[in-house]
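Take a look at the structure below.
The sequence lines fix the lettering, A, B, ..., with proteins before strands; numbering per chain opens at 1.
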Protein chains: 2
Amino acid sequence: MAGQGVKEARPEVSANSRMTVAAHALTWIGLYQRRGHEVATSEQIATSVNTNPVVIRRLLADLRKAGLAESRRGAGAGWMLSRDLAAITLLDVHDAIAAGPIFALHRSPPDPECVVGHGIGPAMTAVYDQIERTLRGELARTTLEDILRDVLKAV
Amino acid sequence: MAGQGVKEARPEVSANSRMTVAAHALTWIGLYQRRGHEVATSEQIATSVNTNPVVIRRLLADLRKAGLAESRRGAGAGWMLSRDLAAITLLDVHDAIAAGPIFALHRSPPDPECVVGHGIGPAMTAVYDQIERTLRGELARTTLEDILRDVLKAV
DNA sequence: CGTTGTTGTAACGTTTATGGTTACGACAAG
DNA sequence: CTTGTCGTAACCATAAACGTTACAACAACG
């Protein structure tokens, strides 16, 4: 090869941890409430997640919009679940955090004069749509109750 | 609400178009070869995709590493497929472009002293692994021949 | 009615993936 | 030797998500 560059290996990390953190936070609140507490603070959750409380508040704000969590203000404030862990699926969480599609079409539209450029969009969309449907089906199969059971089993 | 901010609406674009462009490029080469041409240039492909030739060359370099495409240098150089469109699945393309996982765990490890922080990683990994398996199964079901058929049908 | 603890949210800065562009060396056909 | 194309580095731009600081809003409680 020509360059035999030192700087190869295009990274490949990315990927959203929002789903993980959201599931973590809700599960934490659920367990905390089952142990008799009224509300959980973003500070407590952030300690378990190992991040900043503001990150938790921002994420929980999205979950609240979706009707999965509620918050109370003032002194002694905090967060609680809107419904039981068993009634929240990972699909609910996924939709709540407005996770975008896995794949996307071209950034700028391909050449419409070209047969391939003209037809590739719909062709790929058909595949992507089917994959999204399957993904949603998989996510819908698992509830946060399942997750908590798994978590407690690992102790 | 307090702020009722003007700057809400967390964006949600992202998503990889690499898969789309890779499928587009390979399909284009395949069709071009069926029409009697030996090789396709990155310039021609870039015109159809509506991007820069270097982007195409970079992408095809990845596909070549995976054994899906070959290139010829010198004058009259260009790209060709290593095997027929019918023998290339979207899973092959997916693996070739080294697409990362859909979901990720925490950026920095959660609190291991906390029950949830300790067990949430393995619990979510189990779910994510199952989803990846399903995704791969779906991608393996479609070949570039299927894509081309769809493309030509739309004319 | 003030003190206090917590949410709500703006405003930045940082990191990372990807795409776009320019530049130029390597290479092979003719 | 000329010419056309790949191979790749180098750099900039864009965008998403995270991390952090700051502070107003708010409600319980003395």
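- Close to C:dA17, at under 4.0 Å from its OP1 or OP2, lies no side-chain N or O of B:Asn16.
- Taking atom CZ of B:Phe103 as the reference point, atom P of D:dA17 lies 12 Å away to the nearest angstrom.
- Formation of a donor-acceptor pair under 3.5 Å by the B:Asp146 side chain with backbone atoms of B:Thr143 is found in this model.
- Among D:dC18, D:dA10, C:dT6, the nucleotide with an atom closest to any side-chain atom of B:Arg58 is D:dA10.
- Rounding to whole angstrom units, CD1 of residue A:Ile56 and C1' of C:dT6 are separated by 15 Å.
- Contacts with DNA chain C (heavy atom under 4.0 Å) in residues 30-42 of chain B: none are found.
- Between A:Leu59 atom CG and C:dG8 atom P the separation is 13 Å, expressed in whole Å.
- The side chain of A:Ala77 sits closest to C:dT7 out of D:dA17, D:dT21, C:dT7.
- Residue A:Arg57 contributes atom CZ, which lies 12 Å from atom C1' of D:dA25 at whole-angstrom precision.
- Phosphate contact (OP1/OP2 of D:dG19, side-chain N/O of A:Thr51, threshold under 4.0 Å): present.
- Here C:dT6 presents its P atom at 15 Å from CG of A:Leu60, a figure rounded to the nearest Å.
- Following rounding to the nearest Å, A:Asn52 (CG) and D:dA17 (P) show an atom-to-atom distance of 18 Å.
- Listed for the B:Asn16 side chain is no donor-acceptor partner under 3.5 Å among the backbone atoms of B:Arg18.
- Contact check, A:Ser17 against D:dA17: no side-chain N or O comes under 4.0 Å of OP1 or OP2.
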List, one per line, each side-chain donor-acceptor pair under 3.5 Å for residues 95-107 of chain B, sequence neighbours excluded.
unit_1: B:Asp95; atom_1: OD1; unit_2: B:Arg136; atom_2: NH1; d: 2.9
unit_1: B:Asp95; atom_1: OD2; unit_2: B:Arg136; atom_2: NH2; d: 3.0
unit_1: B:His106; atom_1: NE2; unit_2: A:His24; atom_2: ND1; d: 2.8

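- For the pair A:Met80 and A:Glu38, the minimum side-chain heavy-atom distance is 4.5 Å or more.
- Residues B:Leu31 and B:Val49 fall within the same hydrophobic cluster, defined by Ile, Leu, Val, Met, Phe, Trp and Tyr side chains chained together at heavy-atom separations under 4.5 Å.
- A 4.5 Å side-chain heavy-atom check between A:Val21 and A:Ile56 finds at least one atom pair inside the cut-off.
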Give me the distances for all protein-to-nucleotides 28-30 of chain C N/O pairs that come in under 3.5 Å?
unit_1: C:dA28; atom_1: N3; unit_2: B:Ala75; atom_2: N; d: 3.2

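- The residue among B:Ser108 and B:Val54 whose nearest nucleotide of DNA chain D is located toward the 5' end is B:Val54.
- A heavy-atom distance below 4.5 Å is found between the side chains of A:Tyr128 and B:Thr20.
- Atoms CG (B:Leu105) and P (D:dA17) sit 17 Å apart, rounded to a whole Å.
- Positionally, the nearest nucleotide of DNA chain C for B:Arg107 lies more toward the 5' end than for the other of B:Pro53 and B:Arg107.
- Side-chain atoms of A:Thr47 come within 3.5 Å of backbone atoms of A:Glu43 as a donor-acceptor pair (strictly under, hydrogens ignored).
- Out of D:dT21, C:dG19, D:dA17, the shortest distance to the side chain of A:Arg18 is found at D:dA17.
- Residue B:Arg64 has its side chain nearest to D:dC6 when only D:dA22, D:dC6, C:dT22 are considered.
- Residues A:Val39 and A:Glu70 have side chains not in contact (no heavy-atom distance under 4.5 Å, counting atoms from C-beta outward).
- Contact of the A:Val115 side chain with the B:Leu152 side chain is registered, since non-hydrogen atoms from C-beta on lie closer than 4.5 Å.
- Following rounding to the nearest Å, B:Leu63 (CG) and D:dC6 (P) show an atom-to-atom distance of 14 Å.
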